[in-house]
Amino acid sequence: MAKLRTSSTRSFLIPLLLAFIGLLLIPVALLIVYVWYVQVADLNWKATTLLLVAVIGFFVGYIGFLQVAKAFRRRFQDMIGAITSLMKGDRQQLKGEIAVSYSDEFGQLGMAFNDLQQFTSIKYANIEQELQLAYYVQQSLLPREEYELSNFHIAAICRQTKDVGGDFYDIVKLGDHKFACLVGDVANKGMQAALLMSASMSLFRREMNLGGSAGEILTRLNRHLYQALQAKIFVTVGLAIYDQSSSEETVEYANAGHMPPYLLVDGKLTDYIYPSMPLGVSPDSQYKSHKIELPAGSRFIMYTDGMIESLNGDGTMVGFEGFEQYLLQLESSSEPLQQVNHLMQQAVPTVSNKTEDDITIVMLKRLG
Amino acid sequence: MKAPSYMATMFRFFVLFLGGASLVLIWVTLESYYIKRLSFEYLMKFSIPATLVLLFGMMLTLMIFVALRLRGMKVILVPEHESEKSVKLDRVQLKLLLRLPSHLFWGTVAYGGVFIPVYHVVHYIVEGHSITHVDEYYRLNFLRSFLYEQTITLIAAIFHFAVSRRLIRPLLMRLEYVEDGQRQFKSFLSMLAATFAGLLLVLQFSILWYIMVTIVKGEPFELRVLIGLVVLDLLFAIAMFILLSYQFRKELVILIRRIRDWLRQTDSQGQDQWHGHERAQNQAHNDADAGGRSISFLPILSNDEVGQLAMSFNHLQARVSREYEELEQELRLARQVQEQLMPELDHFNGNDMIEVVKAEESSKPSVSNVFYDIIPWRHGYVAVIGSSALVGMPAALHISAAQLLLRAELEVVGEQLGSLELAELLVHYVERLKEMFLHQDRVSQISLFSQGGEISLAMAVVDEQQQLLRCATLGEHAAIWSEAVEDLSHSELLWQHGEVVTLSANNNSDKGPMKLRITHGLEGRSANG
């Protein structure tokens, strides 16, 4: 542990007391000087003048002392403010240190506080390192955010509410003119969801390599996940496969209990609702493939429920209607990555970038 | 700090009020004697006895008030030998206790405000004057007395405030921390300002009354007497201010000492065995094992900025504690998910080829970097143990993917398992696993495998029809041990590390039962340890 820091003791009492005595003496001295003057000059007492001198002296002393007392109070307020600002931050900032500007008891208290913060940092260093590495491992599983595959421009973004989470997306190139795009969400958040996220992704990549339609892939994926999860935890997935060789204008889509995707064509929005069971719930679930037409310039949007459940600035839920509004407000000419970033900013407007639930958005924009 | 008993506390408050009353009595007597130039005999006729009655009334009123206030708080007022443990006080009671000094302050001021005028009216009547015709001198004297004596009462009130703050401190020090984000604090600024104003007024009034008395009585003005009065008042003012401000200092020092003591205590607990970071981590585990509080909370000693500072500090500590408790809870849940991915071992008990022995789990909240699986196939079972070279959550992410992928791979292999070369199967599987994790387009350049995420595997295929056991291992941490030929003392060493899973399969080999054992953290050790 870090060596405990100490400072030379210069108590705040001494300057405070000196200020007190000084400010007490000013009005008294004023009165005594006036009394002495009246005596020396052999003048008559004037009650009003005497009272005026006393009142002026009182206010001079009182206002002066009030300023001293406020400066004294500011020391407390500075420290309280510094601690409170630490609490506004994330877990890392909670263990931050505060500035020590004084060499009296306030300085000592600040240093003691910082020693304690340092102790806390050391105490939890292992778990922090582990979580950071887990974050990198999870991030390394996700593909990059932007692709140009076949005649599509694809952009994706995934933001976890905790260090690691259960949302994921994958973009797998299956040839020069074929690719698959997956968005998934493991029920629950944090570490437990992350464990199944990595398992689901590895199984998905395996099943993609084995081939088949989108529905067949999800059916196989479900069987593996059900064996492992026994319906205790489930995973929702939306899978789109594009194969230019079979159809230039359609994408094959299969859904496993996931949020309905949207198609945005010329300012018109269509949602595709395919009721289905999430993966891992039933061993016999069969998933169907659906053909969705994607005309040139259209945008196909897949996302997780975190987007719908995110909160507006006024604390109300964004909901489907809100999300649809966000989609309709998007600049169709801008890059898909800019568009998904814009959507994410709508959902996570706060500085801390923290959300209630993980959020993932993937946009497929068909080029001309 | 030990808390006094109820009676001891009441006695201390009695002494406080006696002190406050004495202060008032001495001050007004000296004022009457030196400034008003009244004789002691004259004062004894009415002033001193009447003041004594008034002050006795004040003491009695304040004592009754304190007794009623503390009556509901007897839980914190136990004899000293029983007062070592922390106790809880509900929000309302705590608020009342914290406000006791300021209530005593206002109680003293209010008492003076009511009874000082009564005293003067009675005194006036006792001296035979008519209440309907008050002459100019007495009217002025009433005003002077009222202002001056109210100021003296104000000083007594400050005295009560400062000392009662000290008296309730041992009680507050005993209280357990209770998170209360709704608590409202008041600034000490008004109290400091009132103290200054009160003491300054005493000084100014002393000078003014002395001058007034000399004028009214036509006595000579003596600068020597005036300076003496000022010096006396000043000394008194300094003493009062030190008494009050010292309480602030003392409370700050208590906060500093509480943190320092906690840090020293935690530091010395592991001094002999641990150093640096390890010591802090060891302490964290000790705290968790003991189920005790692993952080230092500060007592709320007042209802002003000192208390607010302690409260902010406590909120921060509580938040840090909560954050890591949540993380630990998450780790426990993640561990449950891991357990769920493993097969239920009860299925294999009673099987004549497989016996499953699982190491005891650590009580600390952590996830495992090891997995085991027993997968039925047509002629028997495939038993696998896998281990990631990583630890904690990164390893858990790794092995959960590895385990589910292995099941899927073995499902494809299916029937061919009996004829496949197991080592080749393992190599093929790990290559597939790497393909999954080494995604060509991954965002981060940090690869699981470049972080030491290599996986070690031990696999045994049990063919119940042919009574055959075939084994293969891959990776630095995988090992197959046979109890018949290996030194068993080595096993003890392995078990110390917790993450040891042993699967044994009985066969007809002359080497006896074979054991598959995966180890972690014993790199470079030879078979005999």
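Not measured: the values here are computed from a predicted model. Chain letters run A, B, ... following the sequence lines, proteins first, then strands; residues in each count from 1.
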Chain B interface, residue from [options] that has the most non-hydrogen pairs under 4.5 Å:
options: A:Phe65, A:Phe113, A:Phe106; answer: A:Phe65
options: A:Leu131, A:Leu17, A:Val164, A:Leu210; answer: A:Leu17
options: A:Leu16, A:Leu86, A:Asn209; answer: A:Leu16
options: A:Leu225, A:Leu50, A:Thr84, A:Leu66; answer: A:Leu50

Please state whether the side chain, the backbone, both or neither of [X] comes within less than 4.5 Å of a heavy atom of chain B.
X: A:Leu23; answer: both
X: A:Glu146; answer: neither
X: A:Leu195; answer: both
X: A:Leu25; answer: side chain
X: A:Arg220; answer: neither
X: A:Gln117; answer: side chain
X: A:Ile21; answer: side chain

Contact origin within [X] toward chain A - heavy atom pairs under 4.5 Å:
X: B:Leu192; value: both
X: B:Leu327; value: both
X: B:Glu409; value: both
X: B:Ile207; value: side chain
X: B:Leu189; value: side chain

Please work out whether the ring planes of [X] and [Y] are parallel, tilted or perpendicular, with thresholds of 30° and 60°.
X: B:Trp209; Y: B:Phe205; answer: parallel
X: A:Phe20; Y: B:Phe241; answer: parallel
X: A:Phe72; Y: B:Phe188; answer: tilted

- Should B:Ser321 and B:Gln317 be marked as a side-chain hydrogen bond (donor to acceptor under 3.5 Å, both in side chains) after you check the CA-CA gap, both sets of side-chain angles, and the distance that decides it? CA-CA 6 Å; B:Ser321 177; B:Gln317 293 296 307; over 6 Å; no
Polar side-chain atom of [X] near backbone of [Y] as donor-acceptor pair, under 3.5 Å:
X: B:Asn314; Y: B:Phe297; answer: no
X: B:Gln340; Y: A:Leu229; answer: yes
X: A:Asn114; Y: A:Ile98; answer: yes

- Just do the side chain to side chain contact (heavy atoms under 4.5 Å, CB included) check on B:Leu309 and B:Leu252 with the steps written out, would you? CA-CA 10 Å; B:Leu309 178 64; B:Leu252 275 181; 4.2 Å; yes
